[in-house]
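Just so we're on the same page: letters track the sequence lines, and every chain starts at 1.
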Amino acid sequence: MKTLIRSCALAAILAVGALPALAQAPATPSAGRLALTFEVGAETGAIMVVLFDSEAAYSGGAPVRQARVDVAGGQRQAVFEGLPAGDYAARAFHDVDGNGRMNTNPFGMPTEPYAFSNNAVGNMGPASWDRARVAVSGDVAQTLTIR
Amino acid sequence: MTPSRRSFMMGAAALSAAVATPEMVRAAAAMDAARDWSLATADMEADVAPRAMRLVHGRAPRGLDGVLFRNGPAKFRRPGGSATHWFDGDGMMRAFRIHDGQVTLDARFADTAKRRHETELDAVVTPGFGTAGDSRARVGSSDDANAANTAVMVAGDEVWGLWEGGSPLAMDADTLATRGLVTLRDDLKGMPFQAHPRYAPDGTIWNVGTTGAQAVIWRLNADRSLHTAQVIPLPRASYMHDFTATERHIILVLQPWVAERQTMPFASRFAWRPSLGTLIMVVDKADLTQRRLCELPAFFHFHLGDAWSDPDGTIRFDVAASADAQFVMEGARILVQGQGVVPGEPAHLALVTLHANGRADMQTTEAAAEFPKGDPRRAGLRRDLTVHVAGERAGRPLATGIAVRDWSSGRSDAFEFGDDHVVEEAVFVPKPGATAEAEAWLVAPSVNLRQGVTELHAFEAGKVADGPVATWRADIALPAGFHGVWKG
């Protein structure tokens, strides 16, 4: 049935590039905290995570936070601290071979694992904001499967 | 109630009770039952545990020992939403195991992401070939929509359930338990691996997968490991379900059902453009950049037979060809509805000849035909015989018989089961130690509509008109499958 997904868009949206190590903003009094723990299928490379605070940003704008989880170094968690209370959504991909980008097959489909907050799955493309949206108020923790 | 039965009953009501006897009513009902082909697209609610099939005709042929694996859709309807196209049911792998003259049948659903999600919702929600799906679908990659429902290849102690737009799904050959999607190499994960691999005389397995006007040409070693995969451009974005091959060439038949938009369901992308004609692309196996094109008038097809080449370079192959795309767009929907009339004429067997001078022609026979298959000992090599299912006609969808065409004599050797059967694809099973083309059995199941059960038949390849040499009967009916493979 040929390639079902408009894959290039998916790859581009997920490709967050090389990112600095765990980026954290200073906590504020009303801060929320989102901890994402990853269940991985490979022990190598790193997971790149980007966090968005609005549907507009999630649909192609700039993330409010980003993180790099050093899977090869034993890390499995990205923690975003000091988030103003509100709705957020995260996209992540596992850069298994550590080449700094999301690999795709010759037809443009991702070949490295990816995930969205809520373990959301899309419908013919990336998971929508509605599916991936997480209300952050206080401490929120999720375990995401990325394999 | 069909129109014929209704008119009979109305007629009967107009007659006196003495004339319209209960026997007549029963006879009319039986005629209806014979026409009720909907068992062929019924739902299976569960896996089928191994069970014996009973010999009900003839004798088990000595030396016929092995397994016929067959795949096909077997669950279309759920309370919260249903598949609306024959190609979108959940794949169920069947195993007809023949040993020492005894036959058993077992079958198991492919445990796909699609089936898991839809089982949880009790609704078919995933967009497919012809099924729109809805907003509850979870499709992050093509394999999330993979129904693993089309065909099967043997791979060591596994069978691979094949679809058209995604990866093979490995299943245990003994238990049919799903093991998982097959990735032939990490950088090729999710590439489409279509349902009709071609087996070359040297053991190499060739296959294709397409997206738009590109195809990946898969080349596997005899042990099913990857040799190479190479993407080639196509001259047009035709729908391609099958391809064929000679010993030296890959042959891609580019029909004028062409993708023109990026919509779902998948079939909605294509438009029938008969003025474009049919293009045939011949690609050199040794150098996939070397290709030539031939042209034929427009026809629609799903299935091709194995190709061969004459000493002068002339290439020949058979095709089950239709006049247009009505079946894929409308007929396959009616099959899932289980009632109504499939429009248009059934496909007919034809022989395509590509002459060395670039000219192409096509000789269409009078035989209604689908699922053309040849002798596996001669795949890619010169052969005379093509087995196909037969008997489909306007007003009665699906096959009712089986036939062998001898291209050298032009004769057809056919057996007709009648409207009580939906006959499924037959495979060629060479007799042990034999080499002649006709020294083979043809093994095919049918759905016996009158008895409400699945049967398995074995024919002598050279004596089809004599009828099956053996028929075994199950105590249940499985819906008609698509494609199978024999493991001796």
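- Shown here is B:Asp186, whose CG atom has no more than 12 heavy atoms of other residues, nucleotides or ligands within 6.0 Å.
- Heavy atoms of B:Ala215 lying under 4.5 Å from chain A belong exclusively to its backbone.
- One finds the CE atom of A:Met124 at 10.0 Å from the CG atom of B:Asp144 (value rounded to the nearest 0.5 Å).
- Inter-residue side-chain proximity for B:Lys189 and A:Asn105 is flagged as unmet; no heavy-atom pair is nearer than 4.5 Å.
- In this structure, B:Thr210 and A:Phe107 approach most closely via the heavy-atom pair C-CE1, 3.9 Å.
- Environment of CZ in A:Arg147: crowded, with over 12 heavy atoms of neighbouring residues, nucleotides or ligands closer than 6.0 Å.
- Of the atoms belonging to B:Val216, heavy atoms from both backbone and side chain fall under 4.5 Å from chain A.
- Listed here is the closest heavy atom pair of B:Asp187 and A:Thr111: O-CG2, 3.9 Å.
- A pairwise comparison of heavy atoms in B:Pro127 and A:Asn123 identifies CG-OD1, 4.0 Å as the closest pair.
- No part of B:Arg185 comes within reach of chain A, as not one of its non-hydrogen atoms sits under 4.5 angstrom from that chain.
- Nearest approach of B:Met191 to A:Pro106, heavy atoms of both residues: SD-CD, 3.6 Å.
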